[in-house]
Structure formats: C-alpha cells, structure tokens
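What follows is a short report on a single structure.
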Amino acid sequence: MALNYKESKLVKDTLPSLRQHGEHISTVFYKTMLRDHPELHNYFNTVNMHTGKQPRALTSLILAFASNIVNISELTPKLERVAQKHASLNIQHEQYEIVGKYLLRAFSAVLGPAMTPEVKMAWTKAYWVMAKMLTGREAHIYRAFEDWKGWRKFMIYNKKNETVEGNIVSFILKPVDGKPLPLFMPGQYITLRITVPGMKYAQLRQYSLSDAPSHDQYRITVKRDQGSNWDYAKSQEDIRTISSAASSASDSSIGSVQPCRPGVVSNSLIDEFHEGDIIELTHPSGSFFLNTNMDTSMPLVLISAGVCVAPLLSMLNTVVEKRINRPVSWIQASRHDAPFQAHVENMAKRHPNMRTKFFKSRLSDSDVLSYTSTFDNDFLSLTSEDLYLSNSSSEYYICGPEKFMMQASEHLHRHGVRPERVQFEIFSVGSFEMRLED
Ligand SMILES: Cc1cc2nc3c(=O)[nH]c(=O)nc-3n(C[C@H](O)[C@H](O)[C@H](O)COP(=O)(O)OP(=O)(O)OC[C@H]3O[C@@H](n4cnc5c(N)ncnc54)[C@H](O)[C@@H]3O)c2cc1C
Ligand code: HEM
C-alpha cells in the first residue's frame, strides 16, 4: 500500500514543521504513551528516555523515511538495525497500533490546523508503510528464532574478572532447560532482563556475546558503569536541554534528571548476581556480525575501545577456532589494562596471519566518555599494513565510544577506505551511521 503522489506530497509538506519541533514531538509522544500504557516501561530504557536518545532515534527515522518516500531502499540498513533491536526486545505486532496512535497525536499537536483530515490520512498511511516493513522483517526474524520465543532462563555458571580493577566481568551463561543453544553470528548481542530491587519495572539491556558461538553456553562481558565518569559539563548541558524540552511539554517524569548515578544493570550484575543465579535472555540478534559462511580471503580489521572489545572478540575467536584463513589486524584501545590482551596475543600465535596493536590511552577520568585527541594520535601512528590499506577489499569492524568511532571512520575515509567496507556497532540507542550523516 504505497503512498500515491498526492499523499506523499502532503506528508513531505509537513516535514519542515515536524523537523523543527522534533524534540517536542519526541517528548509529548513518549510522555502520553507511557502515561496511558505504563506497561511499556518494561521495554524502554529509562535513561534513553531521559536523555531523549530513544524518542529522537524513532522520530528521526520516521522523518527520514517520509523524506525518502520514493527511495526507501536507502533506509534498508537502518531499518534492519531497528528490526533486529525490536526482535531482541521481543516487541510484538500489536504494539505498533499503540505507537502509531501516540505518534500521530504528537504530530497533530505540533501541526495544529495544518493537520487536516487529508494530511492525517496520508501520515497514517506513511506510518503503516514503515510499520509493515518493520513488522514484516521482525516476523521473519522471529521465525528464524524457531522454538526460542521470548525470554529464556539462563544460569550464571561462572563469573570472571577480566581486568585487575575488577570493573569488567565476564559471565558464562547456561540455559536452564538444558537444550542446545543456537549458533549466533559473531558480533551479535542478546537482551538481558533482570529486576533490580527498588525499581518498579523490569530492566532490559543488550550485551554482545563475547566468545565464539557454542551449543552449550554463551558468554557476555559487562563493564561497570560508574556514572561519575560522565563529562560533568556536558551532562549539565544535556540536563538543561532535556529540562527545557520537558517543561515546555509540561512533563513531570521525562526530564526530572537525577545527578548521574551509577549504571543500574551493570552494577547489579557485577555486585549482586553470583554463580547459580538465574537471569533471562532473548535469542541472539543484531545486524553487526561477521559472516563466517562466506568463503573469502579478504583481510579483516577489528578495531575496538574499552568493553566494546566484546563483539570483536567473538569474531576473532571464531576466525581462529574455525581456522578461517583471512589476514587479521587487531587494534584495541583501553584506558588501563586492555581486557583479554593476553588471550588475544595467544590467538595471534595460533593464527597464521594476524597482527596486533594495543593502545593505552592517557585520558583522565573526566575525559573517559569522549576519547578525544589521544586516539587521533593513536590512529595516526597506524601503518598502512596495520589497516591493510593496500587491499581495497579489506573489511573493517569498529566498536567503541562515539567519538572514537568518529575518529576511526574519518581516519579510514582519509585513507581512501570506502564507507561500505566499514561496519560500526554502538553500545547505545540509534544507529551510528545515522549520526555520521547528521
Ligand atoms: C548492541 C549493544 C551491545 C552492548 N554490548 C555491551 C557489552 O558487551 N558490554 C557492556 O558492558 N555493555 C554493553 N552494552 C551497553 C549495555 O546495554 C548497557 O547500556 C550498559 O551496561 C549500561 O547499563 P546500566 O544499566 O549499568 O546503566 P544505566 O542505568 O542504563 O545508565 C547508563 C548511564 O546513564 C547515566 N544516567 C543515569 N540517569 C541519567 C539521566 N537521567 N540522564 C543522563 N544520564 C543518566 C548513568 O550515570 C550511566 O552512566 C551494549 C549496548 C548495546 C545497544
Ligand atoms: C514504525 C514504528 C517504529 C519505529 C520507526 C521505531 C524506531 C526505533 C528506533 C530507531 C529505535 C532505536 C534502535 C537502535 O538502537 O538501533 C527503536 C528502539 C526501540 N523501540 Fe522502536 N520503533 C517503532 C515501533 C516500536 C514499537 C511498536 C515498540 C513497542 C513498544 C517499540 C519499542 C522500542 C524499544 C523498547 C526500543 C529500545 C529502546 C532502548 O533501548 O532505549 N518500537 N525503535
């Protein structure tokens, strides 16, 4: 049910106004939806709602879709990321009715009289075109999950510190039902669900699988989010922006920003969960993965910082375990001890054509989220061989804080690497590619 010319023009004509009030739409939309459907708090990450990241990601995708209405194929990779995230969260088809209703109401609030019955009809159609694309893809993903529907119980079989400071901890997880686990693609993640004392709703977070696929167990590697490491000035700026957006929407919950407290789930997992305890996971998913079914000798460059090493470690372990004959370059940045450094060096001995580079950043604690100029210098020190620049088919997988990925991406771009050779994973909400385009 594609939009006809007139409908797509009606939708497009409203875009400048909707874009201008994007922040307001996001706030009103979620405020009213969660007020009327509090059960949805069980899905949405409160922090991403407070910071506005989640509402912004959704609204900007809808608006990008509306402006690309005749060339939707351009949005396919972004939609794939969203569909994979939704499937990981176990989002159901019926919930699209709810989201559509409140989103269109928020559009009406912004457009006022410009939201004529005709415009509303056209927007409803546009929303459902997009919703159908997502639900269609999600149905396909759910079918591929076979009999693992929704949440599956896992026991923490083993817990291991990966750094001297004890701030990065791996958990070996075994299914309580004892049945074999599906083999995921290295780079994919699960969604984990726990209840945290004092919190009314279930807490859901994604964690990358950090080891090669196995039918017996999964491994995740969790970094303690200390909260206090936030860039204080930046967080104050964010707080002001959010507070003013929220007050203009007369919202009492979104925007009542607390001083940055430590991360809820990571600290709970590290401090309160022990061997033998039970947690729940959804089926592995995600569009950032190494296709190990492909027979290729293209060089592979794996670039990571901090705990974002996790999905790349799964790729590396798989390549070595499956004896995949591809040249591999491993580039890892970290503030203190690089997690898994000894393990990676050991892998390098087992892989016929592997090089490694470890950077120790010199950042102060207050800089930790920004990874600014230091890494620029580190990238400059990389040789053409470190990045396999002479081979135009080399593949690059990057995972790290946003600024780190931005610098890595710019560095590769300056050296002639085509964007389609580079894949990013972001440990947050929204697509990094979309931020690159902004
Ligand atoms: C695809 C994917 C893969 C991931 N893989 C991994 C992985 O392998 N390992 C890993 O450790 N993590 C991973 N993550 C991140 C993980 O999902 C969690 O986001 C992370 O563990 C922090 O969760 P938390 O509950 O501890 O922190 P949260 O409670 O969600 O808090 C996050 C931060 O927000 C700050 N904050 C709190 N309240 C506010 C507010 N009102 N305004 C602004 N800021 C606030 C907190 O101080 C904290 O620093 C991944 C994420 C994604 C999307
Ligand atoms: C056309 C409709 C929809 C669009 C365009 C959309 C878009 C998005 C986008 C862009 C993201 C961020 C993905 C990422 O992190 O990469 C997202 C995440 C999410 N979506 Fe949707 N979505 C839609 C419908 C729904 C529905 C029906 C639900 C069910 C309640 C839902 C629940 C969520 C949740 C819980 C997240 C993760 C939020 C977080 O981790 O903070 N979405 N969606």
Side-chain angles (χ1 to χ4, degrees), residues 33 37 39-65 78-86 88-100 103 126-135 138 167-170 187-192 194 196 199 203-210 219-230 235 238-239 242 254-270 285-288 306-311 313-314 369 399 425-432 434:
M33 184 173 79
H37 292 275
E39 75 282 2
L40 292 181
H41 277 293
N42 286 310
Y43 291 88
F44 289 100
N45 176 333
T46 341
V47 172
N48 293 335
M49 305 297 283
H50 275 297
T51 56
K53 273 189 184 175
Q54 162 57 21
R56 265 200 303 274
L58 186 142
T59 316
S60 68
L61 186 62
I62 301 254
L63 298 184
F65 165 80
K78 282 152 203 155
L79 289 175
E80 178 63 13
R81 183 183 155 96
V82 177
Q84 293 283 346
K85 184 68 95 50
H86 283 167
S88 179
L89 288 155
N90 199 26
I91 300 299
Q92 298 300 317
H93 188 277
E94 314 80 75
Q95 293 168 323
Y96 277 82
E97 290 278 356
I98 306 175
V99 166
L103 188 71
Y127 171 81
W128 280 107
V129 170
M130 177 149 211
K132 288 255 152 56
M133 287 170 79
L134 283 171
T135 52
E138 285 155 25
N167 283 339
I168 297 188
V169 176
S170 286
Q188 290 192 306
Y189 56 82
I190 47 79
T191 292
L192 171 150
I194 56 170
V196 175
M199 298 197 80
Q203 296 298 310
L204 276 56
R205 300 288 185 273
Q206 285 73 45
Y207 291 100
S208 302
L209 292 155
S210 62
R219 182 179 70 179
I220 58 168
T221 301
V222 179
K223 177 177 171 263
R224 184 191 292 284
D225 186 324
Q226 287 170 329
S228 58
N229 278 340
W230 275 71
S235 72
D238 287 348
I239 287 168
I242 298 158
I254 296 173
S256 57
V257 176
Q258 312 299 314
C260 286
R261 43 123 182 102
V264 170
V265 172
S266 57
N267 283 280
S268 181
L269 282 173
I270 292 176
S285 55
S287 51
F288 176 82
V307 75
C308 303
V309 66
L313 193 60
S314 175
L369 272 191
C399 187
E425 180 63 291
I426 184 164
F427 277 11
S428 174
V429 80
S431 112
F432 179 69
M434 216 140 157

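Whatever order the structure lists them in is the order used to number ligands and atoms, beginning at 1.
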Audit row: I98, M33, side-chain contact (heavy atoms from CB on, under 4.5 Å) steps and yes/no | CA-CA 8 Å; I98 306 175; M33 184 173 79; 4.0 Å; yes

Any heavy atom of V429 under 4.0 Å from ligand 1? The part involved is neither

Quick note on ligand 1: atoms under 4.0 Å from a heavy atom of A310 include exactly 8 (O)

> Does any N or O atom in N267 lie less than 3.5 angstrom from one in ligand 1, N or O only?
Replying inline: no

Give yes if a backbone or side-chain nitrogen or oxygen of K85 is under 3.5 Å from a nitrogen or oxygen of ligand 1, and no if not.
no

With heavy atoms and a 4.0 Å threshold, my read on which part of L134 contacts ligand 2 is side chain

For V222, the atoms of ligand 1 under 4.0 Å from one of its heavy atoms are 11 (O)

Between V222 and V307, the two heavy atoms sitting closest are C-CG2, 4.4 Å

Near Y43 (heavy-atom distance under 4.0 Å), the atoms of ligand 2 are 35 (C)

| Are any of the side-chain heavy atoms of L89 and F44 separated by less than 4.5 Å? | no

- request: Consider every N or O of R81 and every N or O of ligand 2, then say whether any pair is closer than 3.5 Å.
  value: yes

So the atoms of ligand 1 within less than 4.0 Å of a heavy atom of Y189 turn out to be 1 (C)

Worksheet entry | Nitrogen or oxygen of R205 less than 3.5 angstrom from that of ligand 1 | yes

Between the side chains of R205 and Q203, is a donor N or O closer than 3.5 angstrom to an acceptor N or O? yes

If you compare N42, L61, N45, I91 by their heavy atoms, the one closest to atom 28 (C) of ligand 2 turns out to be I91

Looking only at distance, does R81 have an N or O less than 3.5 Å from an N or O of ligand 1? no

Does the residue R224 have a heavy-atom contact with ligand 1, meaning some pair of atoms that are separated by less than 4.0 Å?
no

The answer for which part of Q226 has a heavy atom under 4.0 Å from ligand 1 is neither

- Is it true that the side chains of Y96 and H86 contain a donor and an acceptor less than 3.5 Å apart? yes

Taking only non-hydrogen atoms of L89 and a 4.0 Å limit, the atoms of ligand 2 in range are 34 (C), 35 (C), 36 (C), 37 (C)

Side chain proximity check, P311 to Q188, heavy atoms < 4.5 angstrom: no

*Side chains of R224 and S266, donor plus acceptor under 3.5 Å*: no

Review point. Would E425 and R81 pass as an ion pair if we require N to O under 4.0 Å?
Key: yes

When every non-hydrogen atom of S314 is compared with those of L209, the smallest separation belongs to CB-O, 3.2 Å

* To do: Could you walk me through whether L79 and F65 pass the side-chain contact (heavy atoms from CB on, under 4.5 Å) test, one step at a time?
  => CA-CA 10 Å; L79 289 175; F65 165 80; 5.6 Å; no

The option among S428, G227, G187 carrying the non-hydrogen atom nearest to atom 53 (C) of ligand 1 is S428

Nearest non-hydrogen contact to atom 17 (C) of ligand 2 from the set H93, Q54, E138, K85 belongs to Q54

For this session: Using the side-chain contact (heavy atoms from CB on, under 4.5 Å) rule, take L204 and N45 through it: C-alpha gap first, then chi angles, then the decisive distance, then the call.
Result: CA-CA 7 Å; L204 276 56; N45 176 333; over 6 Å; no

*Return a yes/no value for Y127: is any of its N or O atoms, backbone included, closer than 3.5 angstrom to an N or O of ligand 2?*
no

(request) Return yes if a side-chain donor-acceptor contact under 3.5 Å exists between T191 and Q206, otherwise no. (result) yes

We want to know whether S170 and T221 form a side-chain donor-acceptor pair, criterion being a heavy-atom distance below 3.5 angstrom.
yes

Exercise. Decide whether the shortest distance between a heavy atom of N48 and an atom of ligand 1 is less than 4.0 Å.
Key: no

On a heavy-atom basis, the closest approach of K223 and I270 is C-CD1, 4.1 Å

ask   = Is there any N or O on N48 that sits under 3.5 Å from an N or O of ligand 2?
value = yes

Honestly, for I426 the part within reach of ligand 1 (heavy atoms, under 4.0 Å) is backbone

Looking at H86, the N, O or S atom sitting nearest atom 21 (Fe) of ligand 2 is NE2

Quiz item: Under 3.5 Å between some N or O of ligand 1 and some N or O of V265?
Solution: yes

Under 4.0 Å from one or more heavy atoms of V82, ligand 2 contributes atoms 7 (C), 8 (C), 9 (C), 10 (C), 43 (N)

(request) Return a yes/no value for V264: is any of its N or O atoms, backbone included, closer than 3.5 angstrom to an N or O of ligand 1? (result) yes

Exercise. Return yes if some donor-acceptor pair links the side-chain N/O of S88 with the main-chain N/O of Q84 below 3.5 Å, else return no.
Key: no

